[in-house]
Amino acid sequence: MARPGQPVPPPAVPVPPGHLTHPPAVRRADLYPPTAPIPAIPAPVPPAGSAPPDARTAAAPWRPAPAGGNTAGSAGVIDDATARAARAAEPGRSAVPAAEPVIIAAPADPAAEPADPGPPAAIGPERTPPPGLGHVTPDGLPKLARRRDGSILGGVAGGIADHLHVPVLWVRATFALLAMMAGAGVVAYALLWIFVPQQAPSGGHAGADHVAATSPLERRQALGIAAVGVALLIVATALGFGQLLGWVLGPLGLAAIGGAFIWREADDARRARWRRTAAGIVGPSKASLWRLIGGCTLVIGGLSVFAVGQLDFMAVRSALIAVLLTLVGVAIITIPWWLRLVRDLGDERRGRVQERERAEIAAHLHDSVLQTLALIQRQAGDSREVQRLARSQERQLRTWLYGPAGYASAGDKPAPPSSTLAASLGEVAGEVEDTYAISVTPVIVGDVPMNQHLAALVAAAREAMVNAAKHAGVQEVSVYAEVEDGTASVFVRDRGSGFDPSDVGADRRGLVDSIRGRMERHGGSATVRSHPGEGTEVELTVSVTSAADGARWTAEQARQAAQDGESVSPDRTVQAHAEMKGASS
Amino acid sequence: MSHPVKVFLVDDHALFRAGVKAELAGLDDDRIEVAGEAGSVGEAVVRISSNPPDVVLLDVHMPDGGGRAVLEQVHRSLPEVVFLALSVSDAAEDVIAVIRAGARGYVTKTISGRELADAVVRVAGGDAVFSPRLAGFVLDAFSDRNGPAVLADPELDMLSPREREVLKLLARGYAYKEIASQLFISIKTVETHVSSVLRKTQKSNRYELSRWATDRRLV
């Protein structure tokens, strides 16, 4: 905190004996003048290091308490009177009104940087959190917590005063006034006492040195106010006034409780924003003015109706009207809050959905595209490899964007790989693309679930693609597949060198066995059209309906068949059928 | 053709426009010349309207509505300007959407410069250009796979057997000339069939087509 070379409040500060047991607290007490954490002071306090020595001595609370000296004004008691005296004693203070009860936009507490020797003017009007209070809302207000020190009863009033930057006296007076209204103040105080947590003991701005430091004056004042409050409560009850107000306070209390719940559910940033909106309610805009007037009129109207009802002895009905009008008034006044709340909810939900989508896309891009780009950079010299990587990545990305094979299936649910003809063909085409560094562009019309015959078709098509890749000497092979009228057809076409089919030697097992033989074993056919110099087209057809009685093939079986298509013998097919039937029955 | 075909490029990627320009220029093809380019929908609409080219090469995916927005704003007032969609998109929705908005053809960006030049000249001459993929989409849309479709207008909602054959050959990667010799018809007839298919694709109210045209996924 205290940077070297900068003036630090006197190291030889006399330390009260009580401090010795709490060295950290002592240190804080040294660095932060006791006035600093008083939130009731909305105006800047000159930093300790920059204040002229005489001013420092003049500012009484500045001075560490002398051992045993507990007199008001010098003991650093958190006390409005003291604070005000301190402010009055400081130079340049006159520009700021002594008591500013309005919850203004949290001016800076310069004490947060006590070692900073900057000029007081440079300490802007923004308030950094008072040190020691620790928990602070985003707009600089300390969180609501009961005062540990300087408390008379439960520390509630002090805590609220800290929280709202108002003199504690005002808070107490408010409680007393509320007590008049059917005891609302008493109830509120009790509830706050129960539910508001106490300040953390360690690191408290004043630490242990103020536990016993409540000035007798303040204590007397506070107890006096409490007594007045109780008296008011009794008087009001005796006069029946409390009951009258109770009609209004009931709905108001309900609204307040509802608001408190919302407030509790909101996060800090949102609370800060609401506070700003709250300023807008009473702001200069005409609409808000009218809204305020309208709301107030309704509230007053509610009260008046009630009063009239008293005269007419129609208490119940008029009370209902009063309650209703009051509620409407409250609702009108708080419209901006509600609107904001609804909008916040929508925004948050939308934001969450967007965030999830973004995360998903980012994860995918990272796993695929970025990795591939890194690989491509590393292999920039090998154009074939780069091409292969780029193609493979493009295919993956298309599959991800537009569906399994990137074709007519778009819009439907993506099929699991190898479970349909389109997906299987797309997969096979991708493999050939990867292996032989050529471009295979499949166009597929229609789709059916895979079965063993279609697996043979896919395997044969793969062989045809491989042949084209190996022998045609082209960079592109087109694949067209269609399922129509119970027949699945695949056309594999290249515009390469071509050959004369009659010249193919018996040793070209690829064409004879892998393609034609396989198709014939599955009741299909293979036709090869080729002319030297005009490219080759292999047409493969197999009946889909003949396999309709067979159960669906699993992806594993399909892949296996595609790999060793030769081994898919009729025997095995029968066996597979038997197995599936057994499993299904 | 007396004068070269004036080509206008619309693509939001400057790099891609430069690539296409260089490729078309490198062909030394005196049938076409690049007359201008635009990088956004608004720019394209203004420039095409002020100095109408013969053919617009239109990117499907762009901010502010993409190629479809350009088509919708320009096509009605300048029906003589021909649009050819040029995209990396593989989604039927995108492709069918621009076709139905008035594009005369669709080719993917992986097309070679020579093929692109041919396609441009062909659409400028009034033909339709179907890439194998587009042919596949159209075949899919007109198939009766999910039971017979409700035919409001049989003339529009069905493909003739000949058109179907032509489309299938297109999908298999055949050139017009090859299709003609395969089916023993003239190239002119092939072109007529393709144009007819294009018209049906644009005008038909078949469920698949209108669904694709409206359900544009935003990826």
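- For the pair A:Tyr480/B:Leu139, a side-chain contact is recorded, criterion being any heavy-atom separation below 4.5 Å from C-beta on.
- Using a 4.0 Å cut-off between a side-chain N of Lys or Arg and a carboxylate O of Asp or Glu, B:Arg172 and A:Glu482 do not qualify as a salt bridge.
- If you take CD on A:Glu476 and OG on B:Ser112, they are separated by 8.5 Å, rounding to the nearest 0.5 Å.
- Chain B is approached within less than 4.5 Å, heavy atom to heavy atom, by no residue from residues 353-363 of chain A.
- A heavy-atom distance below 4.5 Å is found between the side chains of B:Tyr174 and A:Glu537.
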Point to revise | Audit row: A:Glu484, B:Arg164, side-chain contact (heavy atoms from CB on, under 4.5 Å) steps and yes/no | key: CA-CA 12 Å; A:Glu484 206 173 52; B:Arg164 199 172 278 276; 3.4 Å; yes

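- Side chain of B:Arg133 to main chain of A:Pro442: a donor-acceptor pair is present (N/O by atom type, distance under 3.5 Å, no hydrogens or angles).
- A:Ser478 and B:Gly173 make their closest contact through OG-CA, 4.4 Å (heavy atoms, listed as atom of the first residue, atom of the second, distance).
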